[in-house]
Participant: 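Quick one: this structure, given as structure tokens, is what I'll be asking you about.
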Amino acid sequence: MRFVRKHLQTFLETRPIPSLAPSHRCGRSGACAGQRCWLIREGAVRSSAVSARSESAVRRGTLAGRRTHPLLCTCKKIRIHRCFTQNGLKVHLRGLVEDGIVGGKRTSLDPHSLLTDVDALEVPLDPKVLEGLPQPPTITHQSPKDYIIDPRENIVIYCEAKGKPHPSFSWTRNGTHFDIDKDSKVIMKPNSGTLVIDISGEKAEVYEGVYQCTARNEHGTAVSNNIVIRQSRSPLWSKERIEPILIQEGMPLVLLCRPPAGLPPPIIFWMDNNFQRLPQSSRVSQALNGDLYFSNVLPEDTRNDYICYARFPHTQTIQQKQPISVRVLSMDSINETMAALLNDTDFFSDTPATERRPTILVPSVPSSTKMVLRGEVLELECIAEGLPTPEVFWSKESGDLPSGRTTFRSFQKTLRITGVTEADSGDYRCTARNHLGSVHHIVTVTVKAAPYWISAPRNLILAPKENGVLICRASGNPKPVVTWYMNGIPIENAPKDPSRKVEDDSIIFTDIQTGSSAVYQCNASNEYGYLLANAFVNVLAEPPRLLTPPNKVYQVIRNSPALLDCTAFWSPTPNITWFKDSQTSVLDGDPYVLHGNGTLEIHVAQSLDGGKYTCVAMNSLGKKENHVYLEVKEPTRILKQPEYKVVQRNGVAVFECKVKHDPTLVPTMTWLKDNGELPDDERFVVDSESLTINDVTERDEGTYTCVMNTTLDQDSASAMLTVIEPTPTPAIVYEQPDPPTDLELTEEQARSVQLTWIPGDEHNSPIEKFLIQYEDALHQPGVWHNLTEVPGTKTYAHLKLSPFVHYSFRVRAVNSVGYSQPSYPSRQYKTDPAAPDENPSKVEGSGTEHNNLVISWKPLTGLQSNGPGLQYKVIWRQKDVDKDWTSVTVANVSKFVVSGTPTFVPYEVKVQAVNDLGSAPEPEVVIGYSGEDLPLVAPDNVQVLVQNSTLAEVHWEPVPPSTVRGRLKGYKVYYWKEKSLNKQNLEEQQVLTFSGNKTHGMLPGLHPYSLYTANVRVYNGKGEGPPSSNQQFETPEGVPGPPAFLKITNPSLDSLTVEWGPPLDRNGRLTGYTLKYQPINNTNELGPIEVVALPANETSFTLLNLKYSTRYKFYFNANTIKGSGPAITEEAVTIMDEVRPVGPAFGNVSSSVRENGAVISWDYWGPDKNVYIEYIVENSKEDWKKEFVNGSQTYQIKGLKPGTSYKVRVVAKDQSDETVHSTEELLITVPAMASRQVDIATQGWFIGLMCAIALLILVLLIVCFIKRNKGGKYPVKEKEDAHADPEIQPMKEEDGTFGEYSDTEDHKPLKGSRTPSNGTVKKDDSDDSLVDYGEGGDGQFNEDGSFIGQYSGKKEKDTAEGNESSEAPSPVNAMNSFV
């Protein structure tokens, strides 16, 4: 038995591991692979490893299933950052997503089954944002459409959904309501729709059927896919009597496997009685159906243990076919057998089996067809027999095999193309060839397609009165039918909604109202499958909610980009603006870039860009703002790099690395050797700015890299270390070999000769090969060509020669240093002329004029001519018109022009080489075309359909093919702007090219409100045809551009004059202007907006009744009937009254002191905004220090010295930095810091903690003492006391066991054991294994040859009987990894 385990383990370790889907064990352990434990028993083999839950069956119906595939278990943690924008709602998310979920899409499957997930646009996950927001149900988790269950485990059908409020769940089974409460075996998980079906004591087939889950709340109803539940099956092999096979050597042979049909189909492999893999090659290989094919048999194929195994992955069993016996008879053995029977000497001749041309065994018909679905794997098989063994080649008739997706298996006999597309359809040729001939087979592949998404419907979140569209666009072959449902019922039966309109694959919502929230289902199906998608429409009205944490600090390195987030949730879409520090102007334009998701980007951050930034989000329902801070740090740089070192062995190497970095960042110095960690050796000493290597050895040679890291950046530098010997010894001199000598020609034939030579001196480096060169003195005197190479152990070469050549040969020797000088040439050897062996290559036929055909070719070289008088016979005829060939013979040219040909017609062309001694073989026919001419006619029925103000679509009818007079390359659309409807400005003509036989095209980038002219022309390789008649079209009006300028003039106490220029791009008739303005107070808060409508013919306007000495912000834009254009802004201030207000500008000044600073508060009502805090040390003669106050009336002075008195005042300055207002000076004193040292030994809590620890140690010591002295017997000791030494006990003859350590049940013979009727092994059945038998006798097999084992490990009795299983693993331990 040890022999069986050893060889089975060796065999299985050589097998590739298949893709495995995770089992429930993967989910519980968090790992992505399980341990495999194989146990063998009669009838089957079972495994506890993870297994693939794949199923190839495809179902269809109203909601039919689609193929599922095995996937690898993944355990991922991914950082994501996404922003969604859709129909008035913006969601910007950043977060840590676990379990492989990225952007709403789950990238890994559920550990227990293959689950599908829904991609949805969601509201943010922040609980503060979710609070109070309703949401219709969304299916987030469901079992696969085709769900094959393990009959030994409970059935778990997943259905998880979310919504606000949380949805309730119900199920249908086979189209009718499934009442879960009436079946005690079925439970539904709390707050979930997942069903758990307990099948203990029940047959799993009772619960087979089609299940569908429904999740509903007050805002809508979502439904799952149809989930088809089927039980996996692994039936036994049918009993059969297999007769031994006698076959003559060299004949083909097929060993049939014919495994029982299981669900899913089994995995087939062939082994022998010792569980050794049967060797396979190009002669012996396994077909896709599991049969074993021999192209020809050899005597070593004789054996009596060809065994086919079938592994059923779901039930984790392996079935075995009865062994097949094969005996290969040579002609000698046949004669001996027949002579013994007939008393004769020779019954057959002594000649070996006759060689024969290849014959294709699979497929068995001359031509075949194959249908494959898009996205699946195409496998084509071609198995041939013949003697000698034929080689198999694959090609595609209409093109090349797809690169990157094509692989060959089973020794080129199986062509495998992954990710099949429609372009993969066509004819595939399999060619089998040996030296006697070849045979081919054509497989016609047709690609169909189950429905696949072009554009799946997305969740739609709209504000009231907004518009939106649900699009469900799918493709397939045949084209899928799209059906809409609302809340799970056909949309035609759903309640009417005036804001909803269904148009084929779209649902259009116009002026949507509150209460229109619902879940819509789109079903796209054809005969090969279906797609089902849920998408909800949620009507929300929410003011902006900012999600970025307030006062967040961003740190970047100088000269690198900076991104400041303004993460928010809102509906409808707001306007986002950014401000810096106390500035009132919006940050837009260089160096700032405002992204659509609200993020502010600074391309190249500088030190001046640091500071406080304010994000303001405002829509019609409210306004929110948030402050963030940007810190710009200095980059990290290595000032002194490590230098190249050459150190003697046992010496010391020192590498220096001095670095400069930003003082606020914490640096980390790391040293690497050859891009890896330094060796764990005390000889390597790392200091703050150096690396020292003591007692250097040869192993220390390499590249050493100094890496300085901070939290924001890094810099690195490298240097090499070379270790030399202290006292170098003279090195062995290696040189090129000397040239060979004494070249001699022997065995002279018409086309071959043998060349011999004597090698020269090797110079301490063995000769690896010899290069033979030749000179052709007749055709290329003085030019030497490489002819062949022979190994360095040979001193002769048999050379194949060409006719009509004057050969001279020379030889060069090659060793590890290089080539030797050439030897002296041999004597000249002349070969006789002969007819050419080959024809010219690269034969082509194409026309240069409309009435000619130029036939060109690559001429033969002098070596290829084979004789004097080389000429070329050019032969041609018009394809499908001429019966007779026309020919002409030419010399010393590489092309010939045939004149007077019709325009662009196909010709059959061939070129044959001829010399004075005859002609080359019949040349191949090449198809060429005569010259092209310009197209005759222009496209008809040209129409221009204007799509919008900047886009038009051109349609035309294609020209008749006969008028193209060449290869149709496409159509060109010429178009130009005649004038703008506002002014005359003719533009240059533009051209758009549409390749192929197109009948329409789009004209983008048009100017609104303009008159255009267009025409269409067809073109071929020669040029363009005549233009079509001109078509004129007008583009509609659009919104205007911004006004040319905006100026505020004539400021007075209560009025300002606004002047502007009309927009440069009016894009229509101006209907007027809109002027908006609002005041800005001293704290930069914006007041109410006033709106003024102005006529289109005005360029200035005076605003009256304004407040004196007040700053105003103006927004100005132009209007057309299409709407308002972009606004430009400006700010201005009304002038101050001539008399300043009487009285102080400051009041209520107060202060409070801290350990290292002071807080000053005040009231200020003056008009000047430049307010400063000034302070100085009392009695100091230094200048006053001042700090700017950013619009606040409270300020903290930091960095004051403890125990020091300061004078402080608050001042206001005008634009010329002159002080206009000031508070009285305050005298403040910063307190000195008190000592904080405390003696911990005097603290009560510390004393109590020490007492508790001492008491706990005392209790533990007492418990250990009692345990040690209690005594007792272990289970093994009790057995030893009850029985004598097993080595001296007699063996029991009735069961063959030893003493009491034997277990009669464990040693029952294998014969007679059976699996249940359904072909599976229950988990509670016997867990016997070969491990339990130890080294006991040979295992026995059923009559059907099957054997059984279990994956799941050992029973409790194994623990009591010792660790026998750990000494030698089960002989099938590696079988799962192999198959």
Participant: I need the minimum non-hydrogen distance between V647 and A653, along with the two atoms involved.
Facilitator: CG2-CB, 3.8 Å
Participant: For D1183, does the CG atom have more than 12 heavy-atom neighbours from other residues, nucleotides or ligands under 6.0 Å away?
Facilitator: no
Participant: State plainly whether the residues E631 and K633 are in salt-bridge range, i.e. N to O under 4.0 Å.
Facilitator: yes
Participant: Do you know the tightest heavy-atom contact between N626 and P549?
Facilitator: ND2-O, 3.5 Å
Participant: Any side-chain to backbone donor/acceptor pair from T1194 onto S1161? Under 3.5 Å, distance only.
Facilitator: no
Participant: Check step by step if side-chain contact (heavy atoms from CB on, under 4.5 Å) holds for V1159 and S1151.
Facilitator: CA-CA 6 Å; V1159 177; S1151 65; over 6 Å; no
Participant: Take L1200 and Y1175 through the test side-chain contact (heavy atoms from CB on, under 4.5 Å) and record every step on the way to the result.
Facilitator: CA-CA 10 Å; L1200 302 182; Y1175 59 95; 4.0 Å; yes
Participant: How far does NE2 of H603 sit from CG of D609, to the nearest 0.5 angstrom?
Facilitator: 12.0 Å
Participant: Using side-chain hydrogen bond (donor to acceptor under 3.5 Å, both in side chains), reason through S1205 and T1229 one step at a time and then give a plain yes or no.
Facilitator: CA-CA 4 Å; S1205 297; T1229 301; 2.9 Å; yes
Participant: Hey, does the side chain of N619 reach the backbone of L621 with a donor-acceptor pair shorter than 3.5 angstrom?
Facilitator: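 Checking the backbone N and O of L621 against the side chain of N619, a donor-acceptor pair under 3.5 Å is found.
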Participant: Is a donor from one side chain sitting under 3.5 angstrom from an acceptor on the other, for T140 and K162?
Facilitator: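 No.
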Participant: Under a 3.5 Å distance rule, please check whether D687 uses its side chain to pair with a backbone N or O of S690 as donor and acceptor.
Facilitator: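 Not at all, since once roles are kept as given, no pair shorter than 3.5 Å links the two residues.
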Participant: List in chain and number order the residues that pass salt bridge (charged side-chain N to carboxylate O under 4.0 Å, His left out) with E1178, two or more places apart in sequence or in another chain; answer none if no residue qualifies.
Facilitator: none
Participant: Distance from T670 atom OG1 to L672 atom CG, nearest 0.5 Å?
Facilitator: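 The OG1 atom of T670 sits 7.0 Å away from the CG atom of L672.
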Participant: Do T664 and D662 have side-chain atoms, one donor and one acceptor, less than 3.5 Å apart?
Facilitator: yes
Participant: Return the CG to CD distance between L665 and Q555, rounded to the nearest 0.5 Å.
Facilitator: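 So the CG of L665 and the CD of Q555 are separated by 6.0 Å.
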Participant: I want to check something: taking the side chain as every heavy atom from C-beta on, are V666 and T711 in contact at a cut-off of under 4.5 Å?
Facilitator: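 When only atoms from C-beta onward are counted, T711 and V666 do not touch, as no gap falls below 4.5 Å.
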Participant: Taking the side chain as C-beta and beyond, is there a heavy-atom pair between V1171 and F1188 under 4.5 Å?
Facilitator: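 No. Closest side-chain heavy atoms not under 4.5 Å.
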Participant: Please identify each residue that fulfils side chain to side chain contact (heavy atoms under 4.5 Å, CB included) with A562, with sequence neighbours left out.
Facilitator: V556, I602, A605, L630
Participant: If the condition is salt bridge (charged side-chain N to carboxylate O under 4.0 Å, His left out), which residues does K624 pass it with, not counting sequence neighbours?
Facilitator: none
Participant: If you count every heavy atom of other residues, nucleotides or ligands that lies below 6.0 Å from K658 atom NZ, does the total exceed 12?
Facilitator: no
Participant: So, using side chain to side chain donor-acceptor pair (under 3.5 Å) as the criterion, who are the partners of S716 when residues are at least two apart?
Facilitator: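 With neighbours one apart ignored, the set is empty.
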Participant: Can you check whether P635's main-chain N or O pairs, donor with acceptor, with D713's side chain at less than 3.5 Å?
Facilitator: no
Participant: Counting distance only, does the side-chain N/O of T1219 pair as donor-acceptor with the main-chain N or O of H1221 below 3.5 Å?
Facilitator: no
Participant: If we ignore hydrogens and angles and just use 3.5 Å, is the side chain of K640 paired with the main-chain N or O of E689 as donor and acceptor?
Facilitator: no
Participant: Any sub-3.5 Å donor-acceptor pair from D674's side-chain atoms to G702's backbone N or O?
Facilitator: no
Participant: Is any side-chain heavy atom of N459 closer than 4.5 Å to a side-chain heavy atom of T138?
Facilitator: yes
Participant: As an exercise, state the distance from OG1 of T614 to CH2 of W578, rounded to the nearest 0.5 Å.
Facilitator: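 Here the interatomic distance stands at 8.5 Å.
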Participant: Would you mind listing every ring-ring contact (aromatic ring centres under 6.0 Å, His included) that reaches into residues 636-674, with sequence neighbours excluded?
Facilitator: F655-Y704
Participant: Is the closest side-chain heavy-atom distance between C706 and L691 below 4.5 Å?
Facilitator: no
Participant: Considering all heavy atoms of both residues, which atom of R558 and which atom of V632 are nearest to each other, and what is their separation?
Facilitator: CA-CG1, 3.7 Å
Participant: Are any of the side-chain heavy atoms of Y554 and V628 separated by less than 4.5 Å?
Facilitator: yes
Participant: Going from CG on D695 to CZ on R683, what distance comes out if it is rounded to the nearest 0.5 angstrom?
Facilitator: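 Answer for the CG-CZ pair, D695 versus R683, is 6.0 Å.
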Participant: Does the side chain of S1222 come within less than 4.5 Å of F1146's, by heavy atoms?
Facilitator: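 Of all side-chain heavy-atom pairs linking S1222 with F1146, none is under 4.5 Å.
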Participant: Looking at every non-hydrogen atom in both residues, tell me the closest pair between L1086 and Q1078 and how far apart they are.
Facilitator: CB-NE2, 3.4 Å
Participant: Are V652 and T692 packed together at the side-chain level, in the sense that at least one heavy-atom pair is separated by less than 4.5 angstrom?
Facilitator: yes
Participant: State whether the number of non-hydrogen atoms from other residues, nucleotides or ligands found under 6.0 Å of I1253 atom CD1 is greater than 12.
Facilitator: yes
Participant: Under 6.0 Å from the CE atom of M618, do we count more than 12 heavy atoms belonging to anything else shown?
Facilitator: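 No, not enclosed.
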Participant: Is there side-chain contact between P544 and K623, with at least one heavy-atom pair below 4.5 Å?
Facilitator: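 No, every pair of side-chain atoms sits at 4.5 Å or beyond.
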Participant: Give a yes or no on whether N675 atom CG has more than 12 heavy-atom contacts from other residues, nucleotides or ligands under 6.0 Å away.
Facilitator: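 No, the 6.0 Å shell around CG holds no more than 12 heavy atoms from other groups.
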Participant: How about K660: does its NZ atom have over 12 heavy atoms from other parts shown lying under 6.0 Å from it?
Facilitator: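 Atom NZ in K660 is not crowded, with 12 or fewer foreign heavy atoms closer than 6.0 Å.
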Participant: From T1204 OG1 over to I1228 CD1, what is the distance, rounded to the nearest 0.5 angstrom?
Facilitator: 10.5 Å
Participant: Does CD in E682 sit with more than 12 non-hydrogen atoms of other residues, nucleotides or ligands closer than 6.0 Å?
Facilitator: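 Incorrect, the count does not exceed 12.
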Participant: May I have the step-by-step check of side-chain contact (heavy atoms from CB on, under 4.5 Å) for R649 and E698, ending in yes or no?
Facilitator: CA-CA 7 Å; R649 183 162 51 86; E698 289 81 356; 2.8 Å; yes
Participant: Tell me whether R405 contacts the main-chain N or O of G419 through its side chain, where contact means a donor paired with an acceptor under 3.5 Å.
Facilitator: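 Answer holds: yes.
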Participant: Please give me the minimum heavy-atom distance between I1173 and I1197, naming the atom from each residue.
Facilitator: CG2-CD1, 3.5 Å
Participant: Walk me through whether E625 and C615 qualify under side-chain contact (heavy atoms from CB on, under 4.5 Å).
Facilitator: CA-CA 5 Å; E625 68 177 39; C615 162; over 6 Å; no
Participant: Can you name the nearest heavy-atom pair linking I576 to G598, along with the distance?
Facilitator: CD1-CA, 3.7 Å
Participant: Between Y1195 and E1187, do the side chains contain a donor N or O and an acceptor N or O under 3.5 Å apart?
Facilitator: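 Yes, because at least one side-chain N or O of E1187 sits under 3.5 Å from a partner of the opposite role on Y1195.
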Participant: Could you point out which residue of T548, T599, N597 forms a side-chain hydrogen bond (donor to acceptor under 3.5 Å, both in side chains) with T567?
Facilitator: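 Answer after filtering T548, T599, N597: T548.
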Participant: Are K1185 and E1174 close enough for a salt bridge, meaning some N to O gap below 4.0 Å?
Facilitator: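 The answer is no: the pair does not qualify as a salt bridge.
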Participant: Tell me, please, which residues at least two apart from R637 pass salt bridge (charged side-chain N to carboxylate O under 4.0 Å, His left out).
Facilitator: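 R637 satisfies salt bridge (charged side-chain N to carboxylate O under 4.0 Å, His left out) with no other residue.
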